[in-house]
Amino acid sequence: MQSNLHIFNSLTRKKEPFKPLQPPFTGIYVCGPTVYSDTHLGHARPAITFDILFRYLNHLGYKVRFVRNITDVGHLENDADEGDDKILKKARLEHLEPMEVVQKYLDVYHRNMDQLNTLHPSIEPRASGHIIEQQELISELLERGFAYEVNGSVYFDVLKYNEKYDYGKLSGRVLEELQTNTRELEGQGEKRNAFDFALWKKASPEHIMKWPSPWSVGFPGWHLECSAMSFKYLGEVFDIHGGGMDLQFPHHECEIAQSTAARDKAPVRYWMHNNMITIGGQKMARSLGNFITLDQLFAGKHPLLQQAYSPMTVRFFILQAHYRSVVDFSNEALQAGEKGFQKLMKAFSTLEKLKPSDKSTVDVEAIRKRCYEALDDDLNSPVLLSHLFDAVRMINSVSDGTEKLDEKDLASLKELFSIFIIDILGLKDESGTSQDEQLTAGLVNLIIQLRKDARAKKDFATSDKIRNELSKIGIILKDRKDGVDWEKASST
RNA sequence: GGUCGGUUGACCGAGUGGCUAGGUAGCGGUCUGCAAAACCGUGUACGGCGGUUCGACUCCGCCACCGACCUCCA
């Protein structure tokens, strides 16, 4: 497997050549959502970032196993004893069975991900389906002395771990500083140290989601699921782990600690973290309440939205920034992205109509080379797009007759657009969807206006012709006393 | 308070020790009956102050401002 892909490894804070453990196979684990409310714009960032990675590795010929989990149990609102499970809390609020909450929002997530044209992961494991594996991992940690049980709950012993390994390596934290800086939360009495974290929590009687275990009837801690499921599906050591930067600490740090303590091996070779989407300069997050859901975005229904933005506009907007940069939401930026995306796709259709010349006056191969270089440089999608826009100008110039492409270069350019725009960036033409309907509505309203003008001049011949011809193509006009309605004839 | 990151033209957003990023918007032009599209051209851009250097937006130091993480968050 020959590739020159370099990725920025959060662990070393450097760009490193990507060398999988067992080429051509490679494994990716990405932290998916906790499904307790609607998917928002922030969730689109990791989904798209790691979709590009998945697509590019596939394109390069790797056999990729892409695992993205669903957290459907155990994600507490905080680490105190009375911390509520996010899903349980929502279930009470909406008077639903917890698994109804999970199903409801998982469906929304899947639908939104499909709209954004992200590929389905190879495996999408759910935490609640891996209770046994998590319990086994807890047993391993207890046996090895890195965990302790108190009153039916099991906690990870961070101090013990830090004696042998390095807790805080990923996030650049020093345990001594954590000790002095960790905020004291209520009800931490059970834990030996404030920074110890739960592996298993004993359930209170009113808790609904709970399972029997050697320690108590209870439920697993949040950090544990990723260790258990990545072990199961990707092995003790795998290539890439992805997720949002906000998960770096404590989630990923704890994951490293659990996995390393259990098997005496660092579990992940390359850690990749996408940056946040901000709104008004602040992180968009459910907990901050400043989020815009993807459904709102696609429908234009939110006080901050001046219009609807299509899924591909959102995807393009996100790809216009590098995944490790903060990107700020604004209508202006989305609108600029929408125009740019349309320009790109329009050139794509122009490309299909180009006629070859006997010689070329442009260099297609140079662009192809630069496109690969951009992706190889830590998935630099904005630079890739800038090269594709160079190709757009090339296409339009050929279309205008000021540049020429021979048959071979024309075929090469078509292939290049197909590879980078469709296969790797995952962009697709959206005409034929709601945009088409808007167009139809605009056209019909225009024709109705012209007909109204004709009727005002008592030109009923024209007026009737318009109505009849529209009827033939399936548009039914209805003259009402306060105006004209129209509808599409129902096809039988 | 600790750790880390950012501050680029009207807006978004890349990047580099000396060479046009790109998109959007603006302006001028070509084309067009007019427009649109397309193409060509165009704008004192790199937070402030010092330093290193033949040369810094790019490296170093200090300052200011913004943000992320340190509690759940993609």
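Numbers restart at 1 for each chain; the letters A, B, ... are given by sequence-line order, proteins then strands. Values reported hereafter were calculated over all heavy atoms of this structure, with side chains retained and with hydrogens, waters and symmetry mates removed.
- Counting only heavy atoms from C-beta on, A:I277 has its side chain closest to B:rA74 among B:rG2, B:rA74, B:rC72.
- Rounding to whole angstrom units, CE of residue A:M245 and C1' of B:rA74 are separated by 12 Å.
- Defined by atom type and a distance below 3.5 Å, a donor-acceptor pair is present between the side-chain atoms of A:D239 and A:T26.
- Within residues 99-120 of chain A, no residue has a heavy atom under 4.0 Å from RNA chain B.
- Taking the centre and axis of the six-membered ring of A:F54, the NZ or CZ atom of A:R65 falls outside the cone set by 45° and 6.0 Å.
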Side-chain polar contacts of residues 240-248 of chain A - donor-acceptor pairs under 3.5 angstrom, sequence neighbours left out - could you list them?
residue, atom, partner, partner atom, Å
A:H241, ND1, A:E255, OE2, 3.2
A:D246, OD2, A:K283, NZ, 3.4
A:Q248, NE2, A:H273, ND1, 3.2

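- Every residue two or more places apart in sequence or in another chain that forms a side chain to side chain donor-acceptor pair (under 3.5 Å) with A:R111 is listed here: A:D295.
- A:R173 meets the salt bridge (charged side-chain N to carboxylate O under 4.0 Å, His left out) test with no other residue; sequence neighbours excluded.
- In this view, A:D157 and A:R192 satisfy the side chain to side chain donor-acceptor pair (under 3.5 Å) rule, not counting sequence neighbours.
- No more than 12 heavy atoms of other residues, nucleotides or ligands lie within 6.0 Å of NZ in A:K404, so this atom counts as exposed by the packing criterion.
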N/O-N/O pairs, protein side and nucleotides 33-38 of chain B side, under 3.5 Å:
residue, atom, partner, partner atom, Å
B:rA37, O2', A:K346, NZ, 2.7
B:rA38, O3', A:N396, ND2, 3.1
B:rA38, O2', A:D400, OD1, 3.3
B:rA38, O2', A:D400, OD2, 2.6

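- Nucleotides B:rU8 and B:rC31 are separated by 40 Å at their P atoms, to the nearest Å.
- Within the 4.0 angstrom heavy-atom criterion, no nucleotide atom of any strand lies near A:T402.
- In terms of the side chain to side chain donor-acceptor pair (under 3.5 Å) criterion, A:R45 has no residue partners (sequence neighbours excluded).
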Pull out every protein N or O sitting under 3.5 Å from an N or O of nucleotides 13-18 of chain B, one pair per line with the distance.
residue, atom, partner, partner atom, Å
B:rG13, OP1, A:D328, N, 3.3
B:rG13, O2', A:Q320, O, 3.4
B:rA14, OP1, A:H322, N, 2.7
B:rA14, OP1, A:S325, OG, 2.9
B:rG15, OP1, A:N380, ND2, 3.2

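- Between the C1' atoms of B:rA25 and B:rG61, the separation comes to 39 Å (whole Å).
- Between the CG atom of A:N275 and the C1' atom of B:rG5 there is a distance of 8 Å, rounded to whole Å.
- The side chain of A:P46 has B:rA74 as its nearest neighbour among B:rC4, B:rA74, B:rG23.
- Comparing A:G281 and A:M284 against RNA chain B, the residue whose closest nucleotide sits nearer the 5' end is A:G281.
- Checked by atom type, the side-chain pair A:Y155/A:N193 shows no donor-acceptor distance below 3.5 Å.
- With B:rA25, B:rC69, B:rC12 as the choices, the nucleotide that has an atom nearest any side-chain atom of A:R173 turns out to be B:rC69.
- Following rounding to the nearest Å, A:H387 (NE2) and B:rG23 (C1') show an atom-to-atom distance of 14 Å.
- Checked against side chain to side chain donor-acceptor pair (under 3.5 Å), A:E16 has the following partners two or more places apart in sequence or in another chain: A:N9, A:T12.
- A distance of about 13 Å separates the P atoms of B:rC39 and B:rG22, rounded to the whole Å.
- Within 4.0 Å (heavy atoms only), A:A336 reaches at least one base atom of the nucleic acid.
- Under the ring-ring contact (aromatic ring centres under 6.0 Å, His included) criterion, the residue pairs touching residues 100-130 of chain A are A:H130-A:Y233, with sequence neighbours excluded.
- Spacing of P atoms, B:rC66 relative to B:rC60, comes out at 24 Å, to the nearest Å.
- Applying the side-chain hydrogen bond (donor to acceptor under 3.5 Å, both in side chains) test to every pair with at least one member in residues 386-401 of chain A, sequence neighbours left out, gives no pairs at all.
- Phosphate proximity of B:rA74 to A:K283: absent, as no side-chain N or O sits under 4.0 Å from OP1 or OP2.
- As rounded to the nearest Å, B:rG13 and B:rG23 have C1' atoms that lie 8 Å from one another.
- Between the P atom of B:rU71 and the CD atom of A:Q248 lies a distance of 15 Å, rounded to the nearest Å.
- The minimum heavy-atom distance linking A:S412 with A:V364 is given by the pair OG-CG1, 3.6 Å.
- Atom-to-atom, NE2 of A:H251 to P of B:rA68 comes out at 20 Å; the value is rounded to the nearest Å.
- The residues A:R126 and A:D72 are annotated as salt-bridged, a charged nitrogen and a carboxylate oxygen being separated by less than 4.0 angstrom.
- When the P atom of B:rG2 is taken as reference, atom CZ of A:F195 falls 20 Å away, rounded to whole Å.
- Look at CD1 on A:I87: it is 16 Å from P on B:rC72, rounded to the nearest Å.
- Counting only heavy atoms from C-beta on, A:P250 has its side chain closest to B:rC70 among B:rC70, B:rA68, B:rG22.
- Atom name C1', nucleotides B:rU58 and B:rG17: the rounded distance is 6 Å, in whole Å.
- Using C1' as the reference atom, B:rG28 and B:rC46 are 26 Å apart when rounded to the nearest Å.
- At whole-Å resolution of the value, CD in A:E338 and C1' in B:rG22 are 18 Å apart.
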**OP:** Report the secondary structure of RNA chain B in dot-bracket form, marking unpaired bases with a dot and bases paired to a different strand with |, and treating Watson-Crick or G-U pairs with both distances under 3.5 Å as paired.
**Re:** (((((((..(((.....[...))).(((((.......)))))....(((((..]....))))))))))))....

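- Using atom P as the reference point in both B:rG50 and B:rA56, the two lie 13 Å apart (nearest Å).
- Defined by atom type and a distance below 3.5 Å, a donor-acceptor pair is missing between the side-chain atoms of A:S310 and A:E338.
- Under the 4.0 Å criterion applied to side-chain N and carboxylate O atoms, A:E100 and A:K104 are not assigned as salt-bridge partners.
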